[in-house]
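Residues: numbered from 1 along the sequence shown.
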Amino acid sequence: MSPGINRQWLFASRPVGMVSTANFKLHEAPLPEVKDGQVLVRSLYLSMDPAMRAWMWERETYIAPLQVGEVMRGSAVAQVIESKKPGYAPGDFVVGVFGWQEYAASSGGGPLPMVKIPPGVPLAATLGVLGITGLTAYFGLLDLGEPQAGQTVVVSGAAGAVGSIAGQIAKLKGCRVIGIAGGPEKCRWCVEQGQFDACIDYKHENVRARLKELCPDRINVYFDNVGGEILEAAMDRLALKARVVICGAISRYNAEAGPIGPRNYMNLLVSRARMEGFVVFDYADQFPQALAEMAGWIAEGKLRYEEDIVEGFENAPAALLRLFEGKNLGKQIVKIADPQ
């Protein structure tokens, strides 16, 4: 990197269908000026999240849409190199929404406030299991899913960053857990490392037939990360008073028509079930307690996680595509620098 230059990935055009590397433009800008109440940070790791595709829609979701020409939105782990903000000093490690850029000046506000990373916490983990990803699994499963010991929980996207944690938390709560993932390697991880009771390979198996076989007493909680046909297959096996947790719909984010609802939604009536979505930011005041509990599970060896790390800032767009191509195992991250 040249001195005084801040490389950025700009959102260059709205995708039509599948997002591509052509929707981003590499740009060089001067280093940002640090104002009172701000810190200047140097990013170390970038988070890649399926929700980024929804932010590219022109319509507003739970957050304002990206505008063409803006720095691509995203969370990052960074190191403070200059501070005009009380409580922050050069050398501190922080996590926040700094965007796809090597340097950022930030006051630390927004839907995900900037926070300091405590000593001893693995830096990249604060973007995954000990960050928004893990918190999404925690609150979505426990608050909306309300799993009870002995019940059957099915998780789609089970080898992904959120699904892999949601399934393990369900096991910790005494549930029988069935995953749905793409490919034998991912299914093997879910069973051998994630301690799922079974995992269905949707690429090579009939999901409806396997759900009927593996869920003879039907599904009490379905934690959905993918939407589409897999959501419909799970809804055909709902138990009485089942809970369907809508976390994401990665299978539909790149569809030109956008996400569509399940055609068999009347099964909610027949099963007297409920389907509910959520945004993890709504639980912000409970984040510290949840993170403390999950950190304890990790320390005790009860919660395992994977990080899929791509090296190089120039590879950020390609790393995002890995999510939609089903190539990642666990949390997709881009490493762009080492700490100083």
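The CD1 atom of Ile219 sits 5.0 Å away from atom CG of Leu211, with the distance rounded to the nearest 0.5 Å. Distance check: Asp201 CG to Arg210 CZ gives 9.5 Å after rounding to the nearest 0.5 Å. Interatomic distance, Glu102 CD to Leu31 CG, rounded to the nearest 0.5 Å: 9.5 Å. For the atom pair OH (Tyr222) and CD1 (Ile178), the distance works out to 13.0 Å, reported to the nearest 0.5 Å. For the atom pair CE of Met235 and CE of Met275, the computed distance is 3.5 Å after rounding to the nearest 0.5 Å. Here CD of Gln148 is found 7.5 Å from SG of Cys175. Values are rounded to the nearest 0.5 Å.
Contact between Arg14 and Met56 at its shortest, heavy atoms only, is NH1-O, 2.8 Å. Listed here is the closest heavy atom pair of Ala170 and Leu141: N-CD2, 3.4 Å. The shortest heavy-atom contact between Pro90 and Ser83 is CD-CB, 4.4 Å. Between Val80 and Val94, the shortest heavy-atom contact is CG2-CG1, 4.1 Å. Closest approach of Asn220 and Ala239 over heavy atoms only: ND2-CB, 3.7 Å. When all heavy atoms of Thr133 and Gly128 are compared, the closest pair comes out as CB-O, 3.3 Å.
Grouping the Ile, Leu, Val, Met, Phe, Trp and Tyr side chains by contacts below 4.5 angstrom, directly or via other members, places Val95 apart from Val39. The hydrophobic cluster containing Phe98 does not contain Trp9, counting ILVMFWY residues as joined when their side-chain heavy atoms lie under 4.5 angstrom apart, directly or transitively. Cluster membership for Trp297 and Leu135, using ILVMFWY side-chain heavy atoms within less than 4.5 angstrom, is shared. Connection of Leu268 to Val154 is established within a shared hydrophobic cluster, with ILVMFWY side chains joined at heavy-atom distances below 4.5 Å, either directly or through further cluster members. Under a hydrophobic clustering in which Ile, Leu, Val, Met, Phe, Trp and Tyr are joined whenever their side-chain heavy atoms come within less than 4.5 Å, directly or via other members, Leu303 and Leu329 fall into different clusters.
Under the 3.5 Å distance criterion, the side-chain polar atoms of Lys186 are matched with a main-chain donor or acceptor of Gly326. No donor-acceptor distance shorter than 3.5 angstrom exists from the side chain of Arg73 to the backbone of Val71, with no hydrogens or angles considered. Asn6 places no side-chain N or O within donor-acceptor distance of the main-chain N or O of Pro30, the cut-off being under 3.5 Å. At least one donor-acceptor pair closer than 3.5 Å links the side chain of Asp92 to the backbone N or O of Ala89. Counting only distance, with no hydrogens or angles, the side chain of Ser43 and the backbone of Gln101 share a donor-acceptor pair below 3.5 Å. For Asn225 (side chain) and Ser156 (main-chain N/O), a donor-acceptor pair under 3.5 Å exists by modelled atom type. Without hydrogens or angle criteria, Asn264 side chain to Glu232 main chain gives a donor-acceptor distance under 3.5 Å. Counting only distance, with no hydrogens or angles, the side chain of Asp49 and the backbone of Met52 share no donor-acceptor pair below 3.5 Å. Between the side chain of Glu307 and the backbone N or O of Ile333, no donor-acceptor pair lies under 3.5 Å.
Residue Lys25 qualifies as open at atom NZ: its count of foreign heavy atoms under 6.0 Å is 12 or below. Annotation: Lys241, atom NZ; neighbour count of heavy atoms from other residues, nucleotides and ligands within 6.0 Å does not exceed 12. The environment of Glu58 atom CD is sparse: at most 12 non-hydrogen atoms of other residues, nucleotides or ligands sit within 6.0 angstrom.
Between Val41 and Ser106 there is no side-chain heavy-atom pair separated by less than 4.5 Å. With contacts defined as side-chain heavy-atom distances shorter than 4.5 Å, the pair Ile81/Gln340 qualifies. Between Met72 and Leu66 the shortest side-chain heavy-atom distance falls below 4.5 Å. The shortest side-chain heavy-atom distance between Gln38 and Pro32 does not fall under the 4.5 Å cut-off. Put simply, the side chain of Leu46 reaches to within 4.5 Å of the side chain of Phe313, judged on heavy atoms. Arg243 places a side-chain heavy atom less than 4.5 Å from the side chain of Gln151. Counting heavy atoms from C-beta on, the side chains of Tyr88 and Met114 come closer than 4.5 Å. Contact check for Leu144 versus Phe223: no side-chain heavy atoms found under the 4.5 Å cut-off.
Between Lys331 and Ser47, the side chains place a donor N or O and an acceptor N or O closer than 3.5 Å (distance only, hydrogens not considered).
The residues Lys171 and Asp197 are annotated as salt-bridged, a charged nitrogen and a carboxylate oxygen being separated by less than 4.0 angstrom. Salt bridge annotation for Arg188-Glu185: absent, with no cationic side-chain nitrogen under 4.0 angstrom from a carboxylate oxygen.
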* To do: Would you sort out whether Val280 and Tyr138 count as a side-chain contact (heavy atoms from CB on, under 4.5 Å), showing the intermediate values?
  => CA-CA 9 Å; Val280 71; Tyr138 182 96; over 6 Å; no

* Verdict with supporting geometry, Val244 and Leu231, side-chain contact (heavy atoms from CB on, under 4.5 Å) -> CA-CA 9 Å; Val244 179; Leu231 169 60; 4.2 Å; yes

* To do: Take Lys35 and Lys84 through the side-chain contact (heavy atoms from CB on, under 4.5 Å) test and state the conclusion after the steps.
  => CA-CA 7 Å; Lys35 301 177 182 178; Lys84 294 184 179 180; 6.0 Å; no

* Step by step, work out the side-chain contact (heavy atoms from CB on, under 4.5 Å) result for Tyr305 and Ile298. => CA-CA 9 Å; Tyr305 63 96; Ile298 292 171; 4.2 Å; yes

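In this pair, Trp55 and Tyr62 present their aromatic rings perpendicular. The plane angle is above 60°, beyond the 30 to 60° band.
Pairs passing the side-chain hydrogen bond (donor to acceptor under 3.5 Å, both in side chains) check and including a residue from residues 315-330, sequence neighbours excluded, read Asp308-Arg322, Arg322-Gln332, Glu325-Lys327. Pairs passing the ring pair (Phe, Tyr, Trp, His ring centres under 6.0 Å) check and including a residue from residues 16-44, sequence neighbours excluded, read Phe24-Trp100.
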